[in-house]
Amino acid sequence: MGETNSKSIASLTLGILSIFIPFVGLILGIIGIVLSSKSMIEIDYSNEKGKGLAISGKVCSIVRICIQILLVLLMVLSIATFSLLTNEGNY
């Protein structure tokens with residue numbers, strides 16, 4: 001057991017930041033998922049510490065991406081509904 005993997009620390013940091021930063025959260029979430037996947041592979045081969053950090057970073061990133069997808073779907077549905085309601089009498 002050696003040092004903590006630096007990519008796992010970075011993935012957790014990016015995962016947490018992706019939740020709290022509104023507009024860049026999707027990009028940070030994607031980068032967090034990639035880093036956590038790479039760090040888990042490195043941890044398996046090198047016996048470093050930090051697998052829990054990598055898993056936590058991946059979970060935070062996935063949560064943010066799911067929230068972002070839901071927000072985009074909600075926005076599209078609200079725009080479509082508003083468009084239908086305002087054009088209801090104009091045929």
Original post:
Under the salt bridge (Lys or Arg N to Asp or Glu O under 4.0 Å) rule, what pairs show up with a residue in residues 8-23, not counting sequence neighbours?
Top reply: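 Residue pairs with at least one partner in residues 8-23: there are none.
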Subject >> salt bridge (Lys or Arg N to Asp or Glu O under 4.0 Å) contacts in which one or both residues fall within residues 61-79, not counting sequence neighbours >> reply: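 Qualifying pairs, neighbours excluded: none.
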Subject >> Residue pair I55, M40: steps toward the side-chain contact (heavy atoms from CB on, under 4.5 Å) verdict >> reply: CA-CA 8 Å; I55 292 171; M40 284 196 271; 3.9 Å; yes
Original post:
Going by heavy atoms in the side chains, are I79 and M75 under 4.5 Å from each other?
Top reply: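 Contact flag for I79/M75 side chains = yes.
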Subject >> Check: L28 and I19 side chains under 4.5 Å, non-hydrogen atoms >> reply: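 Contact flag for I19/L28 side chains = no.
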Distance, nearest 0.5 Å, that separates [atom1] of [X] from [atom2] of [Y]:
X: I62; Y: I30; atom1: CD1; atom2: CD1; value: 11.5 Å
X: I9; Y: N5; atom1: CD1; atom2: CG; value: 7.5 Å
X: I65; Y: C60; atom1: CD1; atom2: SG; value: 11.5 Å
X: L26; Y: I21; atom1: CG; atom2: CD1; value: 13.0 Å
X: I27; Y: S18; atom1: CD1; atom2: OG; value: 11.5 Å
X: S36; Y: K38; atom1: OG; atom2: NZ; value: 11.0 Å

**OP:** Check whether any side-chain N or O of T86 sits under 3.5 Å from a backbone N or O of F82 as a donor-acceptor pair, and report yes or no.
**Re:**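 The answer is yes, because a donor-acceptor pair under 3.5 Å joins these two groups.
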Original post:
Which residue pairs pass the side chain to side chain donor-acceptor pair (under 3.5 Å) test when at least one of the two sits in residues 6-16, sequence neighbours left out?
Top reply: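 Listed by first then second residue: K7-E42.
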Same cluster (ILVMFWY, side-chain, under 4.5 Å), [X] and [Y]:
X: I69; Y: I33; result: yes
X: L35; Y: V24; result: yes
X: L17; Y: I31; result: yes
X: V63; Y: I16; result: no

Considering all heavy atoms, the nearest [X]-[Y] contact:
X: P22; Y: Q68; answer: O-OE1, 4.2 Å
X: L12; Y: S56; answer: CD1-CB, 3.7 Å
X: S61; Y: G29; answer: CB-O, 3.2 Å

Original post:
For atom CG of L71, is the number of surrounding heavy atoms from other residues, nucleotides or ligands below 6.0 Å larger than 12?
Top reply: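 Correct, the count exceeds 12.
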